There are 2 protein chains.
Amino acid sequence: MSVRLAIDAMGGDHGLTVTVPAALSFLQSHPDAHLLLVGRPDEVEAALQQQLSRVQGGPAPALSARIRVVPASEVIRMDDNPVQALRNRRDSSMRIAIEQVKAGEADACVSAGNTGALMAISRFVLKMLPGIDRPAIATQLPTQNGGFTTMLDLGANVDCEPAHLLQFAVMGSALASVLDGKERPTVGLLNIGEELIKGNDVVKEAARLIRETPLNFVGNVEGNDVYGGKSDVVVCDGFVGNVALKTSEGVAQMIGSFLRQELSRNWLTRLGALCAMPALKRFRQRVDHRRYNGACLIGLRGIVLKSHGSADVLAFEAALRRAYDAARNGLLRRIEGAMAAAAAAAPPPAAGAAAEGSTA
Amino acid sequence: MSVRLAIDAMGGDHGLTVTVPAALSFLQSHPDAHLLLVGRPDEVEAALQQQLSRVQGGPAPALSARIRVVPASEVIRMDDNPVQALRNRRDSSMRIAIEQVKAGEADACVSAGNTGALMAISRFVLKMLPGIDRPAIATQLPTQNGGFTTMLDLGANVDCEPAHLLQFAVMGSALASVLDGKERPTVGLLNIGEELIKGNDVVKEAARLIRETPLNFVGNVEGNDVYGGKSDVVVCDGFVGNVALKTSEGVAQMIGSFLRQELSRNWLTRLGALCAMPALKRFRQRVDHRRYNGACLIGLRGIVLKSHGSADVLAFEAALRRAYDAARNGLLRRIEGAMAAAAAAAPPPAAGAAAEGSTA
């Protein structure tokens, strides 16, 4: 099966200078992939020709055969109002890229553009999957043991009811299974320390609901478990998830800055840093946030990946890979199947049936 | 003015083996401090004599003159139920230490014991300051620019109304001013990314309330601003704060573990690490969480500092220093003054008066 991705080629802080090189690099490592580059045709073609000439002598002809330029005359800017963008920019590269998914021309869409607009337009164009009230933003974070934690929601839903957290659990489990190849990923519910009153009412009720599904639910996890890798999936409301994600980005930045400062303090420390360079380089690669770029707008009748707006070529390619994996491994079918199983298990027709469901 | 601290000498994972050496080290660097060591007298005296003999020849006699052992026959364990501890352990080292503050025998109390019990007993014994509904947990976190962010609440209050966040703002501002010596610390309200719907209803209303006070309010801050140092104080509800704090601990652990792994990968990287040792050592000191130990249970009619249960001597001494600074600089008077000023400014008797208050 070949996988077709629609790329909002004009989106993000850097537009074509990032999306086109990333697209070509991605195609080289994914021989069964086809790409639709959506944007102003002249500009996309020019960027494409320029980049293709660089890979000349290599597999360039084969690459261009797997690329199609899809015209879109408008561009949604990073500071555009999402509602305005939805109403007024009907021929934007973002919207046309999403419509490729709707029309069955693409299996997934990737954009580094305005998050609010991407959310609004995706929801309007694609609609929600059955049983899902709202889309969530999910991403994969690295863990101490070398694996990944799939975390959601990261900011799409600031006020969640228990049923929403249940839906996040189902969707997160499906996403972890298609991205990591785990049949029954463990699911944890983000909560606070044991020594204090355990969580608020929403979280307590959500735990009860999730426990009734066939999901591999491991109960509460705490903030340090996100990067500790205690569960494959961590479920939380969008306010908490967004704060947790951004706080951890802040810590990582601070630690990186402290390390750089100490290594460059004087000629002696700089010499030391030079000696330790191979190890420091590998370390830098492991904590490089660009490798973890690409958040899934999940719950829609179509796969939409959001890249960081400031993504460079390496980061945008990481988002393309995630979209490819999600599409190739049938994310939507997984979610639909899991939702159906959860609905069958809860509300329970009888106490026995629910108990059976939770251990299935 | 001399400062008197009551120490729950039996508390924490390590009890006397940590609290007594930390107490002596603290006394050496704080010549105007006096300590009450609360615990089982025989055990405290034995630990004290053993430690004092180590600093013999130094200023040991002067030290012991500034120490008084206060007897308490019971110990609250780390896994004791807070309500049971409050009801049944009336002669515990934790409770007697708190009662020293109530009785005016000590200016502050420090414990590494059970957080829930410390919260319950402190609240019962000391009561709340006027205008404060609930105690909060506040701590100081390091920032990228070498300063500190005072953050609260970190887990005492999982469901907050706007008025609670307002009280946290007032208390946090007072705490930052006594610990950092800043006359009008900047106060930020933790919220989520600008590109998404900005926060939930509670946060929006809290922003309105805080804006009416004379506090130096800078509006919303995001997760990455906590360690970025955008504001001196970051206000949030206890669920969000607890998750943010623990997530950032998790990231720091993961990064540290990755760095160790890469530096010890083979003999070449180990040699490199040896060369870079001076810089790596300074780096490790800067990110050493023990230096930032000591959370304030704030809002009570008395100063109570909570040390991490697992604190070692260095960490426990950091908590003692924070208690000392808070007491010496009149934390309670500060909070009372700030609460009175906030109450005078809001609810506003007239729009003009409120506007005046907000720029005072």
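Chain A is the first sequence line, chain B the second, and so forth, proteins listed ahead of strands; every chain is numbered from 1. This is a predicted model, so every value here is computed, not measured.
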Which atoms of Ala244(A) approach chain B - backbone, side chain, both or neither, heavy atom under 4.5 Å: both
Winner by heavy-atom pair count (cut-off under 4.5 Å) against chain A, out of Val243(B), Asn145(B), Leu268(B), Leu271(B): Val243(B)
Largest heavy-atom contact set with chain A, pairs under 4.5 Å, which of Asp159(B), Leu274(B), Leu259(B), Val226(B): Leu259(B)
Segment of Val202(A) engaging chain B (4.5 angstrom heavy-atom cut-off): neither
Exam field: side chain Asp153(B) to backbone Ile137(B), donor-acceptor pair closer than 3.5 Å: yes
Worked check of side-chain contact (heavy atoms from CB on, under 4.5 Å) between Arg286(A) and Gln261(B): CA-CA 11 Å; Arg286(A) 283 182 75 176; Gln261(B) 280 171 21; 2.7 Å; yes
When Lys281(A), Arg284(A), Gln144(A) are compared by non-hydrogen pairs under 4.5 Å with chain B, the top option: Gln144(A)
Under 3.5 Å side-chain donor-acceptor pair for Thr139(B) and Tyr292(B): no
Top of Ser257(A), Gly238(A), Gly309(A) for chain B proximity - count of heavy-atom pairs under 4.5 angstrom: Ser257(A)
Flag for Gln140(A)-Asp180(A): side-chain donor and acceptor within less than 3.5 Å: yes
Top of Gly229(B), Gly223(B), Gly146(B), Gly250(B) for chain A proximity - count of heavy-atom pairs under 4.5 angstrom: Gly223(B)
Lys246(A)/Glu249(A) salt bridge by N-O under 4.0 Å criterion: no
Interface residue of largest heavy-atom contact number with chain A, from Ile255(B), Val287(B), Val203(B), under 4.5 Å: Ile255(B)
Electrostatic pair Arg77(B):Asp80(B) at N-O distance under 4.0 angstrom: yes
Pairs of heavy atoms under 4.5 Å with chain A: top-ranked of Thr269(B), Leu141(B), Leu190(B), Asp79(B): Leu190(B)
Per-residue contact mode, Arg282(B) against chain A (heavy atom under 4.5 angstrom): both
Test item: side-chain donor near acceptor, Asp13(A) and Ser310(A), under 3.5 Å: no
Heavy-atom check, side chain of Ser92(B) versus side chain of Arg95(B), under 4.5 Å: yes
Proximity breakdown for Ser264(B) and chain A, heavy-atom pairs closer than 4.5 Å: neither
Note, Asn224(B) side chain near Thr247(A) side chain (heavy atom, < 4.5 Å): no
Contacting moiety of Leu280(B), where chain A heavy atoms sit under 4.5 Å: side chain
Residue among Cys236(B), Gly272(B), Pro142(B), Pro278(B) with most heavy-atom pairs under 4.5 Å to chain A: Gly272(B)
